Every structure is written in C-alpha cells, then in structure tokens.
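Below is one structure, written out as structure tokens; comments come after it.
As the structure is a prediction and not an experimental result, all values here were calculated from the model. In what follows, chains are A, B, ... by sequence order, proteins preceding strands, each numbered from 1.
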Amino acid sequence: MPELPEVETIATDLRPLLIGRRFTDAHVAWPRTLAEPDPVALAERMRDRQVIDVGRRGKYLLIPLDSGETLIIHLRMTGHLAVVPAGSPALADTHLRAWFDLAGDEHLVFTDARKFGRVWLVDDVARVVGKLGPEPLDWTFTAEVLAGRLHGRRVAIKAALLDQTVVAGVGNIYADEALFRASIHPLRRAASLTAGEIERLRDAIRQVMRESIDQRGTLLRDYRTPYGADGAFQARLRVYQQTGRPCPRCGAAIERIRVTQRSTHFCPQCQLAKVL
DNA sequence: ATATCTGCCTGCTCGC
DNA sequence: TGCGAGCAGGCAGATA
C-alpha cells in the first residue's frame, strides 16, 4: 500500500512523463473513483490543460494544471498510475477506474482493484489536503511540533502516527518501523512520551522515510511503481510483517498485535511497555 | 474536542 | 481442486 515514500517515487517517475503535456479528455469507468467534480465537468476542465508539475502532499499526488486547478489522486490501497500508448492493454484492464487522454496519443491510466482510490479536480488544493499534519521531511517537522500534535492525546502512539493530522504520509508500515527504531512500544499513550522519546521518534520517522525513498519504496503486493526499477525497502523492514522472526537488534521474536484494528509489529524486548 | 466504529472493496491465503 | 471465511487497510462519516 503506497505511503509517503511510494507516492514520492511515483511522483518522481511521472514528473518527466507529464510535465508540459496537454490533456485532451478525461474518462471515468467507476463513478465513485471521482470525488469531484462530475465526469462531464472534469473532462471540460481538463481539456487542453497543460501539466505544470507532479508533486505530493502526504499520500496525495498533486498534478497542478495551467488553468490554476489541480488534479489530485489518492491511490489508497491498490491504486496504480501509468502513462501508456494508445491501444495499450492497460486500457482494457478490468481494474481500470479512470483515464486521461494526452496529446500525442498517450494516456494516463488509473487502475485500482479495490476501488478505494480517489480523484479530484479542484481549484483550491487546501480543501482536500488542508487538514494534513506537517510533512515529515520538511524542516518544519521538529520535535516540538510533534510534541504539540501529541499533546493531550490518550490514544496509543501507533494510532496517533496513523492520524494524518498528526504527521502526513505515515501508514502502517512506516509507523511500525519508526516505533521500532525509536524503541517505543506501540501501545504507549501518545501523551505519555517524554521529550527525549518524541525527539527519537521524530528522527526515526524521517530516517525510515528517507531510506525508503532512496530504495524507491517498499515493494509489497499492492504497490508497483509506474516506471523503472521496483522498490527495494522491503529488504530493510525490521519488524513489519516479520512476525516470529528474530529482532535484528536483540534476537527476540517479533510479535504482532492489533492496535485500533491495525496489525502492529514490534519487538517485545527493545520496545518495552513502560507506562501505558 | 477526542476516540471509536463502520463502510467502502476485491484479491489473496488458509483450512477443510 | 473447490470453496467459503477471514484478512488486508486509508480514510470519510457517523456516533459516543
């Protein structure tokens, strides 16, 4: 499932394929995929519009157009994007949910088996991504900022990390990996973390994000890059989906528990419970 | 305000 | 081999 590093990789891959290109039409095969506007307005407003950039905010892909509007795509669990030539089999994929025609006989196709992915075309990006917390790789994501976001929160720190208003882009994989690197038990109440622990956590989040981006993301069943070599960070996962395997630090068996309906992996020795 | 629960979805794995 | 059950999980929206 694409989290921040995967979306960053996809944006990097799509950028040279899309910048300067002009859309000629837009089509929606599964209506719920399109959050807004309606399909007719989408096609009208995208027609003859040129791509300015391909960026990202949290797990949202942002494609600003020369009209001032922005095409926003969230891949959720199983969404995939690719630029394909006319007549490509991708256009006949049973999971095709939306596609955008490009001048020059190519198409930007959005396929999504689970149908959770969403597409917006908006004038004001903030209406969609405005509530997101700080970008973890931005200089504004300081330990003090994270402390402020966790203040008064009684939920488990694992749950808090998955809350996109606390910090943007962290999903189940990187929440587990960051907590392991910071040696913090996932069930600790968010507000109970000491200043030192919050600083370790902030550093760990940035570290796993950077490392994963360097590896072009984590390659799991549901994630494929649109172009080029596949992600390789899965080889560096220390706890996520490593249940029963020895902890790389102390050798204890990695455990799996459920925290607010999410499977959560941790080392019972390195991430001591302390005060819950 | 925060916290929890449900619905959205389909493909895959597992046990029989 | 076939098949149903259970699971995977980001986010919106409803509820407590």
Scan A:Arg149 against the nucleic acid and name what it touches under 4.0 Å (heavy atoms): base, sugar-phosphate only, or nothing.
nothing
Counting the atoms with a prime plus P, OP1 and OP2 as sugar-phosphate, which does A:Arg258 contact under 4.0 Å by heavy atoms, base, sugar-phosphate, or nothing?
sugar-phosphate
Just call it for A:Arg32: base, sugar-phosphate, or nothing, with non-hydrogen atoms closer than 4.0 Å on any strand.
sugar-phosphate
Please report the distance, rounded to the nearest Å, between CG in A:Leu75 and P in B:dC9.
17 Å
For residues A:Phe233 and A:Tyr240, establish whether the separation of their ring centroids is below 6.0 Å.
no
The criterion is side chain to side chain donor-acceptor pair (under 3.5 Å); which residues satisfy it with A:Gln50, sequence neighbours excluded?
A:Arg22
Take a 6.0 Å sphere around CD of A:Glu199 and say whether it holds more than 12 heavy atoms from other residues, nucleotides or ligands.
no
Starting at CZ of A:Arg189 and ending at C1' of B:dA3, how long is that distance when rounded to a whole Å?
11 Å
Report yes or no: is the cationic atom of A:Arg149 (NZ for Lys, CZ for Arg) under 6.0 Å from the centre of the six-membered ring of A:Phe141, at an angle within 45° of the ring normal?
no
Under 4.5 Å between any side-chain heavy atoms of A:Asp112 and A:Arg76, yes or no?
no
At under 4.0 Å between heavy atoms, which parts of nucleotides 10-16 of chain C does protein reach? Answer with one letter per nucleotide, 5' to 3': B base, S sugar-phosphate only, - none.
BBS----
A:Ala159 or A:Arg118, whichever maps to the more 5' nucleotide of DNA chain B:
A:Ala159
Which of the following nucleotides, B:dC9, B:dT2, B:dT4, is nearest to the side chain of A:Arg153?
B:dT2
Is it the case that C:dA8 (base atoms only) and A:Arg114 (side chain only) share a donor and an acceptor within less than 3.5 Å, ignoring hydrogens and angles?
yes
Can you tell me the distance, in whole Å, between the CD atom of A:Gln261 and the P atom of C:dG6?
15 Å
For A:Gln241 and B:dT13, give me the distance from atom CD to atom P, rounded to whole Å.
12 Å
